[in-house]
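For ligands, and for the atoms within them, numbers begin at 1 and follow the listed sequence.
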Amino acid sequence: MNLKGRDFLWLGDYSKEELEFILKVTAQLKERYYAGERIIPVLKGKTLALIFQKPSTRTRVSFEVAMKQLGGFTITLNWNELQLGRGETIADTARVMSRYVDGIMARVYSHDDLVELAKYSTVPVINGLSDSFHPVQALSDMFTILEKKGKLKGVKLVFLGDGGNNVAQSLLIASAKLGVNITISSPPKYRPSKEVLEVAEEAVKHSGAQIDFIEDPYEAVEGADVIYTDVWVSMGQEKEKETRIKELSKYQVNIELMKHARKDAIFMHCLPAHRGQEVTDDVIDGPWSVVWDQAENRMHTQKALLALLL
Ligand code: CP
Ligand code: NVA
């Protein structure tokens with residue numbers, strides 16, 4: 001399967017088979033990594049630029065390390081320190097950057113800025129999180145679920161809290177494409193957009209996955225294999241902080257809620273976590289939690305993605 005030259009802006013652009021292929025390559029690369037093969041120089045001499053409009057720990061470090069382990073180089077840039085911050089257009093920036101680097105990963109507020117960047121770049125553009133999507137996170141999370149549960153098809157994933165955010169929207173598409181049964185448990189106003197839901201509904205026709213919206217968190221987690229949450233206040237939503245905390249507080253993942261899931265359920269969080277808000281310490285530090293493996297897998301998945309796209 002040839003994915004060379006493709007952008008990775010959202011999961012709607014990728015078929016079930018293509019996503020499965022990336023997960024297969026991820027498994028191979030992870031196995032080789034643990035067998036001691038740190039450097040697999042398939043991208044020798046190539047450069048990835050990382051551009052950030054928002055802060056990052058995992059995305060920044062995992063992409064930098066991934067690229068270096070593939071024999072490549074990285075340049076990490078802050079959006080506002082580029083001429084972009086003084087008004088140079090995204091199109092001109094894309095045209096120029098494409099002459100220097102072999103791929104661009106960008107973390108932005110507006111997803112449209114990423115689409116614009118990709119439109120004028122002649123090199124692949126990877127979404128490292130936008131207000132609408134976090135596709136590398138969701139792809140990597142599918143790898144973690146596969147690793148922990150041994151399958152994707154038929155697994156029940158319950159996402160609690162802000163069901164309309166970038167991570168939830170990406171998990172919805174990833175699940176729908178790959179056959180994971182996903183339940184979103186949130187107040188009605190915190191749900192995925194109509195457009196995203198339409199894409200997911202189209203995908204389940206092919207995968208056979210089930211999509212549910214259940215407002216009551218206890219009812220939602222009944223029989224869950226995976227309990228997933230994310231912050232209630234995403235980057236850029238700081239002004240809505242008080243309202244969001246008030247409206248989402250009943251979706252906190254605590255021990256009481258975990259007891260209603262399957263006995264062997266795992267707890268996932270894309271991180272960073274706001275401990276004491278969407279998740280309590282005893283859950284994120286407890287026996288259910290796979291969050292550190294989940295964070296590590298970002299690096300392995302992104303190695304596969306970079307190796308295939310660049
Ligand atoms: N999960 C994730 O993308 O983390 P960072 O914001 O630290 O990159
Ligand atoms: N929804 C969160 C994810 C952080 C990785 C945010 O956008 O802030």
So if I apply the side-chain contact (heavy atoms from CB on, under 4.5 Å) rule between V283 and each of E278, M258, H269, which one comes out positive?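 One option only clears the test, and that one is M258.
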I173, N165, V167 screened by side-chain contact (heavy atoms from CB on, under 4.5 Å) with F133, the one that passes: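 The option that passes is I173.
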Got the closest protein heavy atom to [atom], with its distance?
atom: atom 3 (C) of ligand 2; value: D230 OD2, 3.7 Å
atom: atom 4 (O) of ligand 1; value: R58 NE, 2.8 Å
atom: atom 7 (O) of ligand 2; value: N166 ND2, 2.9 Å
atom: atom 8 (O) of ligand 2; value: M235 N, 2.8 Å
atom: atom 6 (O) of ligand 1; value: R107 NH1, 2.8 Å

What are the atoms of ligand 2, with element, lying closer than 4.0 Å to any heavy atom of N165?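 What qualifies from ligand 2 is 1 (N).
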When you measure from the side chain of Q237 to the backbone of S234, do you find a donor-acceptor pair of N or O atoms at a distance under 3.5 Å? yes
Show me which atoms of ligand 1 lie under 4.0 Å from any heavy atom of [X].
X: C270; value: 1 (N)
X: H134; value: 2 (C), 3 (O)
X: T57; value: 5 (P), 7 (O), 8 (O)

If every non-hydrogen atom of S140 is compared with every non-hydrogen atom of R298, which pair is closest and at what distance? OG-N, 3.2 Å
Non-hydrogen atoms of R298 versus ligand 1: any pair closer than 4.0 Å? yes
Quick one: does ligand 1 sit under 4.0 Å from the side chain of L129, the backbone, both or neither, non-hydrogen atoms only?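 The answer is neither.
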Please determine whether a side-chain nitrogen of the Lys or Arg among [X] and [Y] lies less than 4.0 Å from a carboxylate oxygen of the Asp or Glu.
X: E116; Y: K119; answer: no
X: D225; Y: R262; answer: yes
X: K205; Y: E202; answer: yes

Does F73 have K68 sitting over its ring (NZ/CZ under 6.0 Å from centre, angle to axis within 45°)? no
Cation-aromatic face contact R6/Y14, 6.0 Å, 45 degrees: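 Relative to the ring axis of Y14, which defines the angle, R6 lies inside both limits.
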L271: heavy atom below 4.0 Å from ligand 2, yes or no?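 It does; at least one heavy atom falls under 4.0 Å.
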Does an N or O from S234, backbone or side chain, lie closer than 3.5 Å to an N or O of ligand 2?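 The answer is yes, given that S234 and ligand 2 share an N or O pair closer than 3.5 Å.
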Any N or O of L271 that comes nearer than 3.5 Å to an N or O of ligand 1? yes
How does L129 reach ligand 2, if at all, at less than 4.0 Å between non-hydrogen atoms: by side chain, backbone, both, or neither?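 Side chain only.
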Pairing residues for D13 by the salt bridge (charged side-chain N to carboxylate O under 4.0 Å, His left out) criterion, not counting sequence neighbours: none
